[in-house]
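A short worksheet on the structure shown next.
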Amino acid sequence: MERDKNFILGVYEDEDVLMNAVSKIRKAGVKIHEVYSPFPVHGLDEVLGYNRSKLPIAAFIFGLLGTILALTMQFYMMKFDWPMIIGGKDFAAFPSFIPVTFEMTVLLSAFGMVGVFLVSSNLKPWGQPKIFDLRITDDKHVIAIDLAVNANFGEEMLSDVLKSADASEINKKSFE
Amino acid sequence: MQVTSSVRDPLITGGKTLKDVTHDISRQVEGKPSMSWLLAFLVSVGALALGFIALAATLWEGIGMWGLNKTVGWAWDITNFVWWVGIGHAGTLISAVLLLFRQKWRMAINRAAEAMTIFAVICAAIFPIIHMGRPWLGAYWALPLPNTFGSLWVNFNSPLLWDVFAISTYFSVSLVFWYVSLVPDFATIRDRATGIRKSIYGALALGWDGAARTWSRFESVALILAGLATPLVLSVHTIVSFDFATSVIPGWHTTIFPPYFVAGAIFSGFAMVLTLMIVTRKVFHLEDYITIGHIELMNIVIIITGSIVGIAYITEFFMAWYSGVAAEQYAFVNRAFGPYFWAYWTMMTCNVISPQLFWFKKIRTSIVATFILSLVVNIGMWFERFVIIVTSLHRDFLPSSWAMFYPTWADVGVYLFTFGLFFTLFFLFAKFFPVINMFEVKSILKSSSKKVNN
């Protein structure tokens, strides 16, 4: 059987039941493809065993880049390229450069991080998401289990696992 | 899991379920526009069109269309600029600072407040841009672009240039913050829609799939953006206040300006949020989401920031006296008892005295009283900027050049233009975008809602 084609879905209404279900299913040795929710469920990523997002590191690197760029630009323009006496200040009037440096740090940090987020989460205007159940943007949480990945279990057994994990509905979904 | 004390009042009333939240908010986007919306929208577009005449005249003829003179070189334009930027601050405060403080009541109002921020900053930016006289050349004066004069660069020692960077960063970061939080809600609307609407909202939703991994990243993005936006919002009004504070004009040259401007910005911004939200909750029937509790909490912020502003006014007076500088002392006496005394006392009444009425619970939980007082605060804060700018300039160091400022129709018209623009954009937002952050409200529904039979 091919991967990413046939799924069995457990539908949940309550986020706390969902959290318990995820740990139960993972304890049974079933590999969860992904969990889909209408809102962020705190702690779900930990229960699913996901690593912490590295986006803060991206934000830091882009911010640092902004700081360096802003300082380089200002020192080059004001001290080296065309020095001018303004208010009797030093050409390289470092305190005057702080506001622009701060703003450019924030600007690059925010845009860089959001850019990385969009790319890493595959978000783009022409993006066509795999929709397992239309209700996941409304009021239901869905645990998707890939049948091919869990071939050692078989459909019947997976359905039983979901049932014992208090799924309110158990559905199947196939993608072409 | 977060636990909310049972002593706290529910943030969402009416026993809403997740499905009700989706339905109540998406309904506004999906339905035909109501008569009241159409009427309000037409009035805004009318103001925009009428104001555009003044804007076009200013651009065609030049700044001479305004009532400025040799003594008062800054008046309504900068007053309006600072006023609009200040209004914008509440949106970021609600969405970023209250997120860092984990104040859940922000969730029902942050979307609209941030929209207000973005539109207010657009309105603010119009004034310095047209004040450049020939804005089509403005990029060379405002940005460090290579040019044929050497290159002769912009002056990085000038707070006016810092403003360019501060305002444009503030605008673009707020826009990104706002849009990122809209994406999951666009996905909700996409999944309810059919046909052309589905493809439009589908493109806006960027292919959002609601996966736990995406949510996990989304949450770190939201947290870091809030962390960045918090010092950013404080820096913006600080830098705006530097426009005045770094000059040597008596009445402007004070170190108290940065905190005093930031407090004033939050004060006026919350007043504008209240004005808008009281109308929005009524027109769109959102009384269960934006409750009296929300209004009361915002009124408490108004008392606090209003009192800070009041103390700042008194401190300024004290420092003018204590400095022993005759020019400084005269500037303040002239403010309160000179020819612009009426502007000063309007400011004092609207900003310091009337908001103190919110100490009474009856008044701060009354929608009518809140609405009226929120308008009063907005008027007062406009006068604050007018007082600071015009009364400090109109009697300068040379009594023979003392003058008064009288606005022309173009001054009034350009201000009207920004009102038209602000409300046109806000009404378009309110109709076509989800006005309440659905996914955040859903995430607190279980812990902060009172079920009907519970």
Side-chain angles (χ1 to χ4, degrees), chain A residues 13-16 19 34-45 48 50 52-53 55-56 59 63 73-74 77-78 81-82 84 86-87 89 93 96-97 99-100 102-104 106-107 109-111 113-114 117-118 120-131 134-139, chain B residues 1-2 17-19 21-22 144 150-159 161-162 165-166 168-170 172-173 176-177 180 183-184 187-188 190-192 203-204 206-221 224-225 228-229 231-232 235 239 242 438-440 442-443 446:
Chain A
E13 271 138 28
D14 187 287
E15 60 262 37
D16 297 317
M19 293 266 274
E34 185 55 288
V35 179
Y36 298 88
S37 303
F39 54 84
V41 179
H42 293 286
L44 183 61
D45 44 355
L48 279 166
Y50 292 163
R52 269 185 67 181
S53 165
L55 283 162
M73 173 181 77
Q74 291 175 94
M77 289 175 182
M78 302 296 284
D81 194 46
W82 188 318
M84 268 195 290
I86 293 158
K89 291 191 187 82
S96 291
F97 298 167
V100 171
F102 170 76
E103 300 300 334
M104 282 191 62
V106 169
L107 185 71
S109 177
F111 272 76
M113 175 183 59
V114 170
F117 166 62
L118 295 182
S120 64
S121 301
N122 200 21
L123 292 172
K124 46 187 185 279
W126 58 93
Q128 295 293 338
K130 241 186 195 159
I131 295 185
L134 277 177
R135 295 171 299 174
I136 63 115
T137 54
D138 181 8
D139 62 339
Chain B
M1 205 189 96
Q2 282 181 312
T17 62
L18 294 173
K19 219 175 177 55
V21 175
T22 312
S151 298
L152 175 60
W153 302 112
V154 289
N155 176 12
F156 284 102
N157 294 303
S158 163
L161 184 72
W162 304 344
F165 280 84
S168 45
T169 301
Y170 182 47
S172 43
V173 171
V176 165
F177 194 14
V180 166
V183 167
T188 300
R190 169 197 70 196
D191 291 346
R192 286 165 59 95
L204 287 170
L206 306 177
W208 179 263
D209 60 356
R213 205 178 282 278
T214 317
W215 275 123
S216 160
R217 292 191 186 118
F218 179 93
E219 291 232 278
S220 22
V221 167
I224 302 275
L225 278 179
L228 289 170
L232 178 63
S235 84
I239 291 174
F242 285 168
M438 290 190 267
F439 76 82
E440 281 201 326
K442 284 175 191 172
S443 74
K446 198 177 164 190

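Every chain is numbered from 1 and lettered A, B, ... according to where its sequence line falls, protein lines coming before strand lines. All heavy atoms count here, side chains included; hydrogens, waters and symmetry mates do not.
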Could you tell me if the side chain of [Y] sits less than 4.5 Å from the side chain of [X], heavy atoms only?
X	Y	result
B:T188	A:P38	no
A:F102	B:S235	yes
B:E219	A:D45	no
A:M84	B:L152	yes
A:L44	B:W215	no

Contact part of B:R190 toward chain A, heavy-atom cut-off under 4.5 Å: side chain, backbone, both or neither?
-> side chain

Proximity breakdown for B:V176 and chain A, heavy-atom pairs closer than 4.5 Å = side chain

Residue among A:G127, A:G43, A:S121 with most heavy-atom pairs under 4.5 Å to chain B = A:S121

Quick one: [atom1] on [X] to [atom2] on [Y], what's the gap to the nearest 0.5 Å?
X	Y	atom1	atom2	result
B:S443	A:H42	OG	NE2	5.5 Å
B:W162	A:E103	CH2	CD	11.0 Å
A:L123	B:D209	CG	CG	7.5 Å
B:F156	A:M78	CZ	CE	7.5 Å

Under 4.5 Å from any heavy atom of chain B - which part of [X]:
X	value
A:N122	backbone
A:L107	both
A:E15	side chain
A:A59	side chain
A:K124	backbone
A:V114	side chain
A:L48	side chain

Might you point out which heavy atoms bring [X] and [Y] nearest each other, and give the distance in Å?
X	Y	result
A:D81	B:S151	OD2-O, 3.9 Å
B:G150	A:W82	CA-CZ3, 3.6 Å
A:F117	B:V180	CE2-CG1, 4.4 Å
A:S120	B:R217	O-NH1, 3.3 Å

Backbone N or O of A:D138 within a donor-acceptor pair of the B:K442 side chain at under 3.5 Å?
-> yes

May I ask you to name which of B:P159, B:S172, B:P184 has the most heavy-atom pairs under 4.5 Å with chain A?
-> B:S172

Winner by heavy-atom pair count (cut-off under 4.5 Å) against chain A, out of B:L204, B:L225, B:T214 = B:L225

Please assess A:M113 against B:V221 for the test side-chain contact (heavy atoms from CB on, under 4.5 Å), listing each intermediate value before the final yes or no.
-> CA-CA 7 Å; A:M113 175 183 59; B:V221 167; 4.3 Å; yes

